[in-house]
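Letters A, B, ... mirror the listed sequences (proteins, then strands); counts begin at 1.
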Amino acid sequence: MSDTQDATDESPAEQQGIEGEYDPDAVEPRWQDHWVEAETYAYEEPESGETVDPDTRYSIDTPPPTVSGNLHMGHLYQFTLQDFVARYHRMADDTVYFPFGYDDNGIASERLTEREKGIRHQDFERRVFQEKCRAVCETYEAEFTEDVQSLAISVDWDNTYKTIEPRVQRVSQLSFIDLYEKGREYRQRAPTIWCPDCETAISQVEQEDEHQETLFNDIAFPLVEDGTGPADDETLTISTTRPELLPACVSIFVHPDDDANQHLVGGTARVPLFGHEVPIIEDDRVDLETGSGVVMCCTFGDQTDIEWYQAHDLPLRIAIDESGTMTDVAGDYQGQSTRDARDAILADLDAEGSLLEQRDHDHTVQVHERCETEVEYLVTEQWYVEMLDRTDEYLEAGRQMDWHPEKMFSRYEHWIEGLEWDWCISRQRDSGIPIPVWYCEDCGEPILANKADLPVDPLSDGAPVDACPECGHDDLRPEEDVFDTWATSSLTPLVNAGWDWDAEAEAFSMEHPELYSFDLRPQGHDIISFWLFHTVVKCYEHTGEVPFDNVMINGMVLDENREAMSKSKGNVIPPSDVLEEFPVDATRYWAAGTSIGDDFPYKEGDLEAGERLLQKLWNASRLVEQLAPAPEAVEPVDESDLAPIDEWFLAELDATVESVTDRFEAYEFSKARNGLRSFFWNSFCDDYLEIAKQRLSGDGSASTEFALTRAHRTFLKLFAPFLPHITEELWDRIYRTDGSTDRAGLAGGDSSIHTTDWPTPGGYDADLEAGETAMEVISALRTYKTDNGLPLNADLDHVQVYGHVEGLADAVAEAMHVADLELLADAPDITTEISDIDLDYSIVGPEYGNQVGDIEAGIAQGDYEIDDGRLHVAGVTLDPEMFEIEEARTYSGDGEMIETETAVVIVG
RNA sequence: GGGCCCGUGGUCUAGUGGUUAUGACGCUUCCCUUACAAGGAAGAGGCCGGUGGUUCAAAUCCGCCCGGGCCCA
């Protein structure tokens, strides 16, 4: 492209007019660059002091992707869906807010920085290390930007943010302080899900299942007492996969329905090797199916242990510390790793004869999703956001949003119903946004940072007070922990709306209140439970409002065999491979091809179909350009002066404009795409263009020129959200008017089709039935020619038509090269015979119920009479609207008869 | 183990009670017609995973079974 052109005034197209084939390789990158330079997608900010109607602005809160990874098909698909929405609304509404966020705050970027720089985060002050992270991430952000721009995603590149940047850190810390002041946060020493490898607490959502093959160990516990008193030399058998937790054993549980072991309840047993005595308790949470049915409860082996600890007020025996090392509770095994301790304890149990049996066992353990290390359940001090007390409100908030598709709401609902923990938001890591708190060393009082000072890092910055406001002690200890990344990722609507603390007003305010609530939140169905849910919770707590009007859920991209793409399966298709072979517009056509929410497969066939549509659109445009004069010379034509065929087509076009609009409004891209494509291809190209070609081949027709131009311009606009490059190229070559309005008054002079107004119906009121009949006649004549081995442009001397085609006969004759088309006033010389009677079941069914069978039998046997339009059968009389008579016609005259639904055509 | 979603011609898909089930890709035959052979016309191909039920009527509602997926234990 020409770099010297002024991007806002000149178009990048090098030529006007349409020649040759469409060349997406040349056209697409040119426009992508132009749109970014010309800021075609810029959000139109309200004038200062201007109050704007939020209905005229469409705002999207996009979930920021992690940018240190490569762009994958999921990104392409998800961004493209968002872009359909953005482009449609940019045309249909006044302006669109379509921001972009780079999520580079967290462990991924920390590890990346360490790797690239060859450093360790421990060797730097936290703030200094974070600056290095920001520098490293910039390269990746730039790459990602380029990738997203090359997909023609119409993001406003002046509205971006990085989750690692100070502005976002400030919002995160403000959020923390606000929730604390609202009493929604607490710090507590409690059982926590812990990753011993990352040495940090994690939240419920960060753990995932992993199936493991391990050993089930049957261990004999000497019984001290049973339910009735001292026991004599009896043992009970505990099956466990985690013998290293023996020192942490605090009790033994038996199921109330377990008759064989019922006598044990109320007694005690001695833990082998460690010697302490534990009670035997009854509880229905025991799994009778697995192992011996008698289980030990430890501090803590799994979530059930925690439930038992809380329900039965059991003591704590902490045998494993934060790094996965055995504590002094483990006695001789202190200092060993859990793995070493397991082996040693098993060997010692075996030596003393307590290890009865070992079996292979498949079971499921919880692992940390990032490092796949098996989690521990430790008792630590953490910050929590209280949630369990307000699940009803959060459920209601979810209900207030419109879900597309609707069925996805159930994911949100079930997630909330299954919540068991408040949200643990503190993490023991160096990467991440610092928790802005100091503690009094004497009384433990937490001292929060001043809102005006944010962002702060307590490890580098001083506390806001010199002494504890509670006790006056002056030794203040900074909080070392940072926020869970979701604590920040859940604030994107507030970041986008410019939420901040207004010190003067002593209240929170928004720089862009007109954006909030956001019109749309797009989200993958796999992360509704944490990302979307946490975002709703946080924004709801801060603003009292549900942050989104609509939620659009996208499915996952599968491979051609309908399997999820994954590195381990080796079936990942990188977008770069696809884009090498296909135009971006073709990938967008593919992405539009399924109803949102459903997973759908990568299909080359669909991409090829998209490519063909591009060529069709190009070629049809070329014909339009040849047939109609320059657009500025096209005179507008009043409806009363339109030829019936042109009026008919514009009326059909109206209906398509309406249905495509409705479908965009409802996020039904697939239906919009298919409806538009088939009307364009089958009605416009195959029928109307063929007719127009004939009508304009001679002297031309003002009516047809006008209709053709109007239709073509409308098609370009309707296709624009799906196919932004080719529509822009065609618009630029044919219709761009540099600010002036053309004589037909059909378009404003916008320099980009993407900022023109979305088409509205012209209110054309034509005889649609006549049009349909005319098309049937054309179709019948095509069939005739095909059946008789004639080319479609073969001349026909004489055709008679009996049917309602009104003023369309000439158009039919021209299109099908009929020299003499005769309209018959009466049915032609045919004999008709009733062949069947079709019932309208929607009327007959409810009316006659189980008599319908008799009616059908009567008709089948010919045992009926038709009298004065009524059908007498099986002892009942059906009114005319209840049935339709099917007739078989026999033609005995000259020529060949062809029947259609509503017409009879005789050729020859 | 619990919950949710899905199962329509070879492939993908529309269709949530009403007559002969939508479209695309692929396939067959014919046609170079002055936008397009990456085109046009015609055509073959499904009885809607299985089964039982509700109903005058079911791909569509209900039960069970089989198969696939997702979320959560």
Output a table of nitrogen or oxygen pairs between the protein and nucleotides 68-70 of chain B separated by less than 3.5 Å.
from, atom 1, to, atom 2, distance (Å)
B:C70, O2', A:R411, NH1, 3.2

### Task
Determine which nucleotide pairs with B:U54, using a 3.5 Å limit on both distances of a Watson-Crick or G-U wobble pair.
none

## Note on the structure
By side-chain hydrogen bond (donor to acceptor under 3.5 Å, both in side chains), A:E374 pairs with (sequence neighbours left out) none

### Task
Would you mind classifying the nucleic acid contact of A:E21 as base, sugar-phosphate or nothing, using non-hydrogen atoms under 4.0 angstrom?
base

#### Entry: Shortest side-chain distance from A:P791, nucleotide among B:C31, B:A35, B:C4
B:C31

### Message
Under 4.0 Å from OP1 or OP2 of B:A35: is there any side-chain N or O of A:K693 that close?
### Response
yes

### Message
Say we look at B:A59 and B:A21: how far apart would their C1' atoms be, to the nearest angstrom?
### Response
8 Å

### Message
Taking the nucleotide of RNA chain B with the nearest heavy atom to each, does A:E611 or A:F600 sit closer to the 5' end?
### Response
A:F600

### Task
For the residue pair A:F715 and A:F680, categorise the inter-ring angle as parallel (less than 30°), tilted (30 to 60°) or perpendicular (more than 60°).
perpendicular

### Task
Report the distance from atom CD1 of A:I553 to atom C1' of B:C71, rounded to the nearest whole Å.
13 Å

### Query
Taking OH from A:Y784 and P from B:C30, how many angstroms apart are they, rounded to a whole number?
20 Å

### Query
Across all strands, who's sitting opposite B:C27 as a Watson-Crick or G-U wobble pair, both distances under 3.5 Å?
B:G43

Set out, line by line, the N/O atom pairs under 3.5 Å between protein and nucleotides 16-21 of chain B.
from, atom 1, to, atom 2, distance (Å)
B:G18, N1, A:Y841, O, 3.3

### Query
Judged by atom type as modelled, is there a donor-acceptor pair below 3.5 Å linking the side chain of A:E28 to the main-chain atoms of A:D585?
yes

### Query
Expressed in angstrom and rounded to an integer, what is the separation of A:F582 atom CZ from B:C25 atom C1'?
13 Å

### Query
Considering only the C1' atoms, how many Å lie between B:C12 and B:U22, rounded to the nearest integer?
13 Å

### Query
For A:K671, what residues pass the salt bridge (charged side-chain N to carboxylate O under 4.0 Å, His left out) criterion, not counting sequence neighbours?
A:E668

### Query
What's the closest nucleotide to the A:K603 side chain, out of B:A35, B:C12, B:C25?
B:C12

### Task
For B:G15 and B:C47, measure between their C1' atoms and round to the nearest Å.
15 Å

### Task
Determine the Euclidean distance between corresponding P atoms of B:A57 and B:G18; express it in Å to zero decimal places.
14 Å

## Note on the structure
Between CD1 of A:I691 and P of B:A35 the distance, given in whole Å, is 16 Å

### Query
Are A:F722 and A:F664 close enough, and set up right, to give a ring pair (Phe, Tyr, Trp, His ring centres under 6.0 Å), and what steps lead you there?
CA-CA 11 Å; A:F722 291 133; A:F664 268 113; 5.1 Å; yes

### Task
Sequence neighbours left out, what passes side-chain hydrogen bond (donor to acceptor under 3.5 Å, both in side chains) with A:E665? Give chain and number order.
A:Y88

### Query
Residues in salt bridge (charged side-chain N to carboxylate O under 4.0 Å, His left out) with A:D606, at least two apart?
A:R673

### Query
Is the distance from OP1 or OP2 of B:G23 to the nearest side-chain N or O of A:R677 less than 4.0 Å?
no

### Task
Begin from the C-alpha positions of A:Y77 and A:L81 and carry the test side chain to side chain contact (heavy atoms under 4.5 Å, CB included) through to its verdict.
CA-CA 6 Å; A:Y77 174 52; A:L81 291 186; 3.5 Å; yes

### Message
Do the side chains of A:E729 and A:R733 get close enough for a salt bridge, i.e. N-O under 4.0 angstrom?
### Response
yes

### Message
Measure CG/A:D23 against P/B:A38 and give the value in whole Å, please.
### Response
17 Å

### Task
Using the C1' atom as the reference point in each nucleotide, state the distance between B:U60 and B:C48 in Å, no decimals.
10 Å

### Contacts of A:I866 that satisfy side-chain contact (heavy atoms from CB on, under 4.5 Å) - sequence neighbours left out
A:I834, A:I837, A:Y864, A:L871, A:I885

### Query
Roughly how far apart, to the nearest Å, are B:A24 and B:A14 at atom P?
15 Å

### Query
With a 4.0 Å cut-off on heavy atoms, is A:G853 in touch with a base, just the backbone sugar-phosphate, or nothing at all?
nothing

### Task
Please identify each residue that fulfils salt bridge (charged side-chain N to carboxylate O under 4.0 Å, His left out) with A:R870, with sequence neighbours left out.
A:D879

### Query
Within this structure, what is the CZ-to-C1' distance between A:R673 and B:U22, rounded to whole angstrom?
14 Å

## Note on the structure
The residue, A:A620 or A:H414, whose nearest nucleotide of RNA chain B is more 5′ is A:H414

### Query
Partner of B:C4 by Watson-Crick or G-U wobble geometry, both contacts under 3.5 Å, or none?
B:G69

### Message
Just to verify, what does A:S842 make a side-chain hydrogen bond (donor to acceptor under 3.5 Å, both in side chains) with, not counting sequence neighbours?
### Response
A:D840

### Message
Without decimals, in angstroms, what is the distance between A:L730 CG and B:C36 P?
### Response
16 Å

### Query
Within the structure shown, what part of the strands sits under 4.0 Å from A:E690 by heavy-atom distance: base, sugar-phosphate, or nothing?
base

### Task
Could you measure between the two C1' atoms, the one in B:C71 and the one in B:G10, and give it in whole Å?
33 Å

#### Entry: Listed partners of A:T80 passing side-chain contact (heavy atoms from CB on, under 4.5 Å), at least two apart
A:L76, A:F84, A:I153, A:R588, A:A591

## Note on the structure
Looking only at B:C5, B:U33, B:C72, the nucleotide nearest the A:K407 side chain is B:C5

Enumerate the protein-to-nucleotides 40-42 of chain B contacts in which both atoms are nitrogen or oxygen and the separation is below 3.5 Å.
from, atom 1, to, atom 2, distance (Å)
B:G40, OP1, A:K616, NZ, 3.4
B:G40, OP1, A:W681, NE1, 2.3
B:A41, O2', A:T786, OG1, 2.3

### Query
Below 4.0 angstrom from OP1 or OP2 of B:C25, is there any side-chain N or O of A:R612?
yes

### Message
By nearest atom, which of the nucleotides B:C56, B:A35, B:G15 is closest to the A:L623 side chain?
### Response
B:A35

### Query
Among all residues two or more places apart in sequence or in another chain, which pass the salt bridge (charged side-chain N to carboxylate O under 4.0 Å, His left out) test with A:E611?
none

### Message
When the P atoms of B:U33 and B:G17 are compared, how many Å lie between them, rounded to an integer?
### Response
50 Å

### Query
When the distance from CZ of A:R695 to C1' of B:U34 is rounded to whole Å, what number comes out?
19 Å

